[in-house]
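Order of the sequence lines fixes the chain letters, A, B, ..., with proteins taken first and strands second; residue numbering starts at 1 for each chain. No hydrogens, no waters, no symmetry mates; every other heavy atom, side chains included, goes into these values.
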Amino acid sequence: MSPGAYAERVNGQVRMSETYLNGTRIYFFGGDRELATVSTKAKMFRLARCGATLVPEYNPDIVTHIVIDDNIVSLHHLLENISVKRLSKVPGHIPILKWPWATTDNTKKHFRIHAAFATRRNSVDAIDYDPDINPIVPPAPKKGKEHAAPNPEVTNSSGEQMVGNPSAKSPREASSSSSRGLEDEEASFEKQRVSSKPRANSDPANENNVGEDPLAEFYAQARTERDQEVQENLGDGNKATNLHAENGNKSHSSGSRFLCDGVRTSAGQCPNQDVIDKLSELKKIHEQRLMTGDNFRVLKYSTAINALRAYPKRIRSTEEAMSLNGVAKKTAEKIMEIIRTGDLQRLHHERAVSDDIRVIELFQGIYGVGRQIAHRWYNAGCRTLDDLREGKGGVKLSSVQQIGLQYYDDINSRMPRAEAEEIFNKIKPFALKIDSKLYVDIMGSFRRGKADCGDIDIIITRPTDDGRNHSGVLSKLLKDLRIAGIITEDLSIPDDWSDLELCYRGLCRKDSDSRRRRIDFLVIPWESRGAALLYYTGDDIFNRSMRLKANKMGYSLNQKGLFAGVVRDPQDRTRKLNQGTNIASATEREIFDKLGVPWQEPHERVRGFS
DNA sequence: GTGCAGGACCT
DNA sequence: AGGTCC
DNA sequence: GCAC
Ligand SMILES: O=c1ccn([C@H]2C[C@H](O)[C@@H](COP(=O)(O)OP(=O)(O)OP(=O)(O)O)O2)c(=O)[nH]1
Ligand SMILES: [Mg+2]
């Protein structure tokens, strides 16, 4: 559900428990556009409980206040969301306020204290605004009737009128709970969970019990709404049946400063598998989110999961959990909740609110569909894979996505290690028949010794000591493999087939009775084989850690080699201004050495497995 | 409070 | 240039 | 969400 849709819903259904926002018509922006996050929903819910009317879409003729989730929403982000070119185009009588403004009872006067943008001028929240000298008042209503009901149904089109200039006061630091953004919301949620009282309400003597408004109440109401929504919104009882597997299988462990330095402790069976499963689910939810901050949560959940995989004992305490590299308080508490209760309430809360998450996850399971496309299709009204096949809502699939859809289940299944090996053993002779001096090997999770593989990663190179190289080999090989019925579909192909460095992605199968499997070929020049092996062996988290370490040491590491003297654009540190000089690339070991990382065998670069 | 890996192909 | 994937 |  979109934030706007939630705003409309909340207006009608939330019962009011406070009145200090009576008469306000608030446009709330939590940084989400297409899917209202739990954070946004909780905040809207609370605004409504305090008497505000939520305006689903920004309209300067209706809105009396704009409230944003500070720390999450940038100026650019907000302007884009409300389709306004410049801050000065927002009428001066509409204050733009940070979330904490709404959490205290004293919302009169002094908007400036909670002003979201200190640079704003000629507005009631400007730093230099003085109502006695130069008052700013809303224009007289053009049409329509008076209307100041506490919780009016916002029909969104009716030009409603302004209710005085609510002016604020009282800074009032962030009272007790949920005031500042996702992280704080989570923190407060955790707190509430731990004290786990279904209690109706806390001490009424508390001067500020609004500040304690438990999210539990929001969740409870949200749950009851969900059922209505399912019926109302889509008469389409067709559930997304197709859930797939993938369960983070990367690994690494705790140890020193960088993960890649890590000390591994692999065991045959992971004693914390239940924790890993739950955290993987949470990770998947963050993978759907459009906001950039969630990428790093995904990264951190990945590292935490890897650390857990490597950990040989059952976790017994928060402190023990926090001893793992990459696990701090928040994750440690989640881990302990799972260990103690076998469950993570946060997951239920996320999913309870609507079916968004299920559907987006379903769509993201299609190869070539990421979060943006998945949300776009959801917005277009699609809810099932069949909707997509029918082009419902005018959605169009790229050719790769069509293949991804056709082989949805195949692509989302992992294959037994033995099958990967069998396929590779069919492929290798074709390569050697083209050139017996080729070096051909299987990389990725297979090289790391995993029991199952998400795909087959094959590296091809060739020594140049005889003055020859492997230019053109891949196109020949693929031709043979297509004839042999092994390669069946292409997903992405090199642009210059004669290059010594190229990358191919496609589907293959062991034989005509077997499932389709993902297959990748990486062709690389002989000189960079060490860096390429390192890269292609992974896992991804290990690579990122090692590259981070290289970066911190003033180097840059990629699949071609380890480079010194790289100068980065200070504005965009990912952009390199020069290429630097290659200081290691021929062997994995020299790269480990130059980075001071203790050597690890490929199978050691796997921690745990399953 | 800031940074988080780095690159290739597709559209 | 943005999106997805490795 | 974590580390510095
Ligand atoms: O974001 C990524 C993804 C992958 N890789 C590297 C490491 C990885 O090991 C290798 C192959 O990628 P793949 O996606 O096949 O991962 P895998 O480790 O082989 O696991 P799976 O069994 O899921 O294929 O490419 C990265 O460096 N960054
Ligand atoms: Mg792989």
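At the heavy-atom level, A:Ser399 lies under 4.0 Å from the strands shown only through sugar-phosphate atoms. Residue A:Asp457 is classed as a sugar-phosphate contact, given heavy-atom separations below 4.0 Å to backbone atoms only. Note on A:Leu522: nothing from the nucleic acid sits closer than 4.0 angstrom, heavy atoms only. Among the heavy atoms of the strands, none lies under 4.0 Å from A:Val400. Among the heavy atoms of the strands lying under 4.0 Å from A:Ile373 are primed sugar atoms or P, OP1, OP2 only; no base atom is included. Residue contacts shown for A:Arg518 are limited to sugar-phosphate atoms, with no base heavy atom under 4.0 Å away.
Taking atom P in both C:dC6 and B:dC4, the straight-line distance is 24 Å, to the nearest Å. To the nearest whole angstrom, the two P atoms, one in D:dC2 and one in B:dG7, are 28 Å apart.
Geometric assessment of A:Arg462 against the ring of A:Tyr439 yields a negative cation-pi assignment under the 6.0 Å and 45° thresholds.
Taking every side-chain heavy atom of A:Ala328 into account, D:dC2 is the closest of B:dA5, B:dG7, D:dC2. When the nucleotides B:dT11, C:dT4, D:dC2 are ranked by their closest atom to the side chain of A:Gln372, C:dT4 comes out on top. The side chain of A:Leu299 lies closest to B:dC4, out of C:dT4, B:dC4, D:dA3. Nearest nucleotide to the side chain of A:Ser492, out of D:dC2, B:dG6, B:dC10: B:dC10.
For the residue pair A:Arg447 / A:Thr537, a side-chain donor-acceptor distance below 3.5 Å is found, with atom types taken as modelled.
One atom, NZ of A:Lys552, and another, P of B:dG6, lie 10 Å apart when rounded to the nearest Å. Going from atom CZ of A:Arg568 over to atom P of B:dA5 covers 11 Å, rounded to whole Å. The distance from atom CD of A:Gln401 to atom C1' of C:dT4 is 9 Å, rounded to the nearest whole Å. Distance, A:Met553 CE to B:dA5 C1': 16 Å, rounded to whole Å. Computed from coordinates, the A:Lys300 NZ to B:dC4 P distance equals 12 Å when rounded to whole Å. A:Gln364 has its CD atom 12 Å from the C1' atom of C:dC5, to the nearest Å. Whole-Å rounding puts the A:Ile411 CD1 to C:dT4 P distance at 16 Å. Computed from coordinates, the A:Leu491 CG to B:dC9 P distance equals 14 Å when rounded to whole Å.
The nearest pair of heavy atoms linking A:Ile583 to A:Tyr555 is CD1-CE2, 3.5 Å.
Along DNA chain B, the nucleotide nearest to A:Leu548 and the one nearest to A:Asn558 differ in position, and the one closer to the 5' end is contacted by A:Leu548. Each of A:Ser398 and A:Asn551 has a nearest nucleotide on DNA chain B; the 5'-most of these lies closest to A:Asn551.
Counted within 6.0 Å of CD1 on A:Ile127, heavy atoms from surrounding residues, nucleotides or ligands total 12 or fewer; the atom is thus considered open.
A salt bridge links A:Asp490 with A:Arg482: at least one charged nitrogen is closer than 4.0 Å to a carboxylate oxygen.
Within the structure, a side-chain polar atom (N or O) of A:Lys576 is placed less than 4.0 Å from OP1 or OP2 of B:dG7. Within the structure, a side-chain polar atom (N or O) of A:Arg544 is placed less than 4.0 Å from OP1 or OP2 of B:dA5. Taking only side-chain nitrogens and oxygens, A:Thr574 never comes nearer than 4.0 Å to OP1 or OP2 of B:dA5. For the pair A:Lys549 and B:dC4, the criterion of a side-chain N or O lying under 4.0 Å from OP1 or OP2 is not met. In this structure, A:Arg297 does not reach the D:dC2 phosphate: none of its side-chain N or O atoms is under 4.0 Å from OP1 or OP2. Of the side-chain N and O atoms in A:Thr303, none sit less than 4.0 angstrom from OP1 or OP2 of B:dC4. Between A:Arg376 and C:dG2, a side-chain N or O to OP1/OP2 separation shorter than 4.0 Å is absent.
Not a single donor-acceptor contact under 3.5 angstrom links the side-chain atoms of A:Tyr367 to the base of C:dC5.
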Exercise. Start with the C-alpha gap between A:Thr331 and A:Lys300, add the side-chain angles, then the distance that decides, and say whether side chain to side chain donor-acceptor pair (under 3.5 Å) holds.
Key: CA-CA 9 Å; A:Thr331 305; A:Lys300 288 312 181 178; over 6 Å; no
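Paired with A:Glu419 under the rule salt bridge (charged side-chain N to carboxylate O under 4.0 Å, His left out), one option of A:Arg414, A:Arg509, A:Arg517, A:Arg516 passes, and it is A:Arg517.
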